[in-house]
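Written out below as structure tokens is the structure these notes cover.
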Amino acid sequence: MTVLRLDRSGGLAPGNKQFKLAPHLAAMAAGGHRRVLSFGGAWSNHVHALAAAGQAAGLQTVGVIRGERPEVLSATLAEASAWGMQLHFISRSDYRQRHDPGFIASLSRQLEVDYVIPEGGAGPLAVAGCRPLAEMIAARFQQGARVVIGVGTGTTLAGLAAALPVSFCVDGVLALRGAGALADSIAAWVEAAGTGGSARWRLHDNFHCGGFAHSNARLQTLMLGSERELGLPLEPVYTGKALLALHSMLASGAWSARDPVVLVHTGGLQGRRGYPWLD
Ligand SMILES: *Cc1c(COP(=O)(O)O)cnc(C)c1O
């Protein structure tokens, strides 16, 4: 197994988020936009990265955060706020409307933003932003490989599947339970990217460990072990589950140990602070 350590690049917006945000920042610059809004939870890597990247680019950022404002902000939101992000908390029921165009339009007016990025940075622009990542992988593993990656919105996986050659297979490990509809949006994004979509890809839906941000003893043991033995820091939401899937598939013989396997470390280590058992 080779680990592609994206967590080590991207500065304060590390991991896959550096690739997903880049085209949005470019579009804002090209369009003269100054103030951007996006959505996320208290430990969101996306919100955290947007706050950092926005500050670096001299843009105003607004985070629309799920749930009531807590007495003490999460470390993620405290940092985002220190980097200049305006935090706007909305109820969980309002948050469910985050994909509704009318709701987004009224929020945008209220918060006076001129650019909106969907939750998690999902969408075709970010899919295109992952092309340099695919090129980096293709250049490093010229014989092809199995590429294992944690999946939230599926945007990064779509970007890889759209741009990697046919000698690659992208294995996406779902961080959420019951994300069945995701395969359709990924297929549509790959198709819309219009780059051939020649790499094979598939989703694994049985390593979510109970659901988004849930973990179990097996995941915890594997993560603490990988940290101790390999010096590889992971977080439980995405990268830990990707490693769990990789281990299980190799152990069961479903994947041959002879074939090259690349684990994409998509970052997210800032979110470790939400898990006392990782201290
Ligand atoms: C956001 C994120 C993902 C999921 O990326 P998608 O493009 O939404 O599938 C995976 N890993 C980490 C660490 C992330 O922060």
Side-chain angles (χ1 to χ4, degrees), residues 3-24 38-53 63 76 80 98-99 117-134 147-163 170-176 179 181-190 193 201-205 207-209 212-213 215 219 223 232-246 262-275 278:
V3 184
L4 189 66
R5 297 286 304 267
L6 301 183
D7 59 308
R8 285 181 167 159
S9 64
L12 294 173
N16 60 342
K17 301 301 184 277
Q18 57 189 302
F19 297 96
K20 294 173 70 176
L21 286 174
H24 285 291
S38 195
F39 301 87
W43 297 99
S44 165
N45 296 326
H46 166 67
V47 164
H48 191 258
L50 178 63
T76 301
R98 65 195 178 279
H99 302 302
I117 301 178
E119 181 190 49
L125 212 49
V127 169
C130 293
R131 166 170 279 276
L133 174 57
V147 178
V148 184
I149 185 162
V151 168
T153 66
T155 301
T156 310
L157 181 145
L160 293 181
V170 191
D171 282 88
V173 182
L174 290 173
L176 297 88
L182 218 54
D184 292 340
S185 34
I186 293 171
W189 283 329
V190 170
W201 60 275
R202 62 163 296 193
L203 295 176
H204 297 265
D205 62 3
F207 298 101
H208 56 68
C209 304
F212 190 70
S215 67
L219 177 64
M223 284 180 56
L232 180 66
L234 300 169
E235 46 68 55
V237 184
Y238 298 103
T239 52
K241 289 175 184 177
L243 182 67
L244 180 62
L246 190 157
V262 184
L263 175 69
V264 182
H265 193 316
T266 41
L269 295 178
Q270 68 85 24
R272 283 171 59 97
R273 297 174 293 187
Y275 296 87
L278 275 166

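All values derive from a computational prediction rather than experimental measurement. Excluded from the calculations below are hydrogen atoms, water molecules and symmetry mates; all remaining heavy atoms, backbone and side chain alike, are included. Just follow the structure's listing: the first ligand is 1, and inside any ligand the first atom is 1. Position 1 is the first residue of the sequence; numbering continues from there.
Proximity to K20 (heavy-atom distance under 4.0 Å) selects the following atoms of ligand 1: 5 (O), 6 (P), 7 (O), 8 (O). Residue contact check: T156 has heavy atoms under 4.0 Å from atoms 5 (O), 6 (P), 7 (O) of ligand 1. Set against the non-hydrogen atoms of T266, the atoms of ligand 1 under 4.0 Å away are 10 (C), 11 (N), 12 (C), 13 (C). Atoms of ligand 1 lying under 4.0 Å from at least one heavy atom of V151, given by number and element, are 9 (O). The N45 neighbourhood of ligand 1 comprises atoms 13 (C), 14 (C), 15 (O), with distances under 4.0 Å to a heavy atom of that residue. When each atom of ligand 1 is checked for a heavy atom of G150 under 4.0 Å away, the hits are 10 (C). Applying the 4.0 Å criterion to heavy atoms of G268 picks out, from ligand 1, the atoms 13 (C).
Heavy-atom separations between H265 and ligand 1 are all 4.0 Å or longer. Residue G15 places every heavy atom at 4.0 Å or more from ligand 1. Contact between N16 and ligand 1 is present, with at least one heavy atom of the residue lying under 4.0 Å from the ligand. At least one heavy atom of K17 sits under 4.0 Å from some atom of ligand 1.
Compare L6, I186, T153 by their heavy atoms: the one nearest to atom 8 (O) of ligand 1 is in T153.
Contact of the W43 side chain with the V237 side chain is not registered, since no non-hydrogen atoms from C-beta on lie closer than 4.5 Å. Using a 4.5 Å cut-off on side-chain heavy atoms (C-beta onward), R202 and D171 make contact. A heavy-atom distance below 4.5 Å is not found between the side chains of H204 and V151. Counting heavy atoms from C-beta outward, L243 and M223 have side chains that stay 4.5 Å or more apart.
Formation of a donor-acceptor pair under 3.5 Å by the Q18 side chain with backbone atoms of S9 is found in this model. The backbone N or O of P118 lies less than 3.5 Å from a partner atom in the side chain of S38, making a donor-acceptor pair. Looking only at distances, no side-chain donor or acceptor of R131 sits under 3.5 Å from a matching main-chain atom of G159.
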In sequence, state the C-alpha distance, the side-chain angles, and the governing distance for D7 and E235, and then conclude on side chain to side chain contact (heavy atoms under 4.5 Å, CB included).
CA-CA 11 Å; D7 59 308; E235 46 68 55; over 6 Å; no
Could you check I149 against N16 for side chain to side chain contact (heavy atoms under 4.5 Å, CB included), going step by step and ending with a plain yes or no?
CA-CA 10 Å; I149 185 162; N16 60 342; 5.6 Å; no
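In terms of polar-atom proximity, G154 is counted as a contact of ligand 1, with an N or O under 3.5 Å from an N or O of the ligand.
Of the protein's non-hydrogen atoms, the one nearest atom 4 (C) of ligand 1 is G152 N, 3.4 Å.
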